[in-house]
**Student:** 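Take this structure first; my questions come after.
Every chain is numbered from 1, with letters handed out A, B, ... down the list of sequences.
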Amino acid sequence: MSAARHWLMKSEPDVFSIDDLALKGTTGWDGVRNYQARNFMREMRVGEAVLFYHSNAEPSGAAGTAVVVRAAYADPTQFNPNNDRFDPRATADKPVWFQVDVRFVSKFPRFISLEELRGINELSDMMLFRRSRLSVQPLTKAQWTAIARRGRRGSSPRD
DNA sequence: GCCAACGTTGGC
DNA sequence: GCCAACGTTGGC
């Protein structure tokens with residue numbers, strides 16, 4: 001069995017924010033229609049940690065944390081012709097798109113903007129900066145720790 | 001299999 | 001709202 005991984009998942013706060021997740025508790029991460037993001041979701045295991053990132057926002061940045069509570073299963077929106085994420089190629093036997101369920105864990109007392117994330121040494125290799133359009137991506141444990149520490153406590157590099 | 005056209009994401 | 005980046009589609 002492999003070690004737990006850490007993940008970053010983007011959501012547009014105008015559509016679904018960390019506050020929405022806090023209210024809802026658990027949500028299905030449906031609607032992903034990018035193969036690389038899908039493949040990362042299929043690698044997720046229950047209990048793995050998620051950094052909830054606000055994209056397309058003012059400002060964009062890290063807003064809180066969540067946890068995977070259900071591993072990948074077929075995204076039902078792909079089967080619904082009335083849904084704008086409908087995919088005519090998908091069948092119940094052979095779904096094309098998958099989702100996981102995540103549960104709210106925390107909202108950061110201090111939001112960490114993308115600008116600030118860019119300035120953090122431990123994050124220099126973060127995929128977010130190179131693959132800006134990928135909405136689901138892995139974080140290293142060191143990256144996770146560097147972000148979560150600041151979100152919880154402030155901007156000091158000391159603990 | 002190449003690649004131009006097109007559509008979407010997301011920072012600004 | 002603009003537009004660069006980049007993933008997808010489809011003609012050939």
**Student:** Kindly indicate whether the side chain of A:R133 and the base of B:dT8 share any N or O donor-acceptor pair separated by less than 3.5 Å?
**Tutor:** yes
**Student:** Expressed in angstrom and rounded to an integer, what is the separation of A:L117 atom CG from B:dG10 atom P?
**Tutor:** 15 Å
**Student:** Treating A:R42 as the side-chain partner and A:R38 as the backbone partner, does any N or O pair qualify as donor plus acceptor under 3.5 Å?
**Tutor:** no
**Student:** Specify the separation, in whole Å, of atom CZ of A:F129 and atom P of B:dC12.
**Tutor:** 11 Å
**Student:** Whole angstroms only, please: what is the CD-P distance between A:E58 and B:dC12?
**Tutor:** 11 Å
**Student:** Please give, in whole Å, the distance from C:dG1 C1' to A:D14 CG?
**Tutor:** 14 Å
**Student:** In whole angstroms, how far is the P atom of B:dG10 from the CZ atom of A:R130?
**Tutor:** 16 Å
**Student:** Specify the residue among A:Y35 and A:S132 whose closest nucleotide of DNA chain C lies further upstream toward the 5′ end.
**Tutor:** A:S132
**Student:** Reckon A:R131 touches a base, only the sugar-phosphate, or nothing at all at heavy-atom distances under 4.0 Å?
**Tutor:** sugar-phosphate
**Student:** Considering just the side-chain nitrogens and oxygens of A:K10, establish if one lies under 4.0 Å of OP1 or OP2 belonging to B:dT9.
**Tutor:** no
**Student:** Just N and O in the side chain of A:S60: are any of them under 4.0 Å from OP1 or OP2 of B:dG11?
**Tutor:** yes
**Student:** A:V69, A:V102: one ILVMFWY side-chain cluster at the under-4.5 Å cut-off?
**Tutor:** no
**Student:** Starting at atom CE of A:M127, determine the distance to atom P of B:dG10, rounded to an integer number of angstrom.
**Tutor:** 14 Å
**Student:** Would you mind reading off the distance between A:L128 atom CG and B:dT9 atom P, rounded to a whole angstrom?
**Tutor:** 16 Å
**Student:** Let me check something: do A:M41 and A:F79 share a hydrophobic cluster, defined by ILVMFWY side-chain heavy atoms less than 4.5 Å apart, either directly or through other members?
**Tutor:** no
**Student:** Donor-acceptor check, side chain of A:Q143 to backbone of A:E122, threshold 3.5 angstrom: yes or no?
**Tutor:** no
**Student:** Using the ring centroid of each side chain, check whether A:F52 and A:W7 are separated by less than 6.0 Å.
**Tutor:** no
**Student:** Would you mind reading off the distance between A:E12 atom CD and B:dT9 atom C1', rounded to a whole angstrom?
**Tutor:** 8 Å
**Student:** Using a 4.0 Å heavy-atom cut-off across all strands, classify A:Y53 as base, sugar-phosphate, or nothing.
**Tutor:** sugar-phosphate
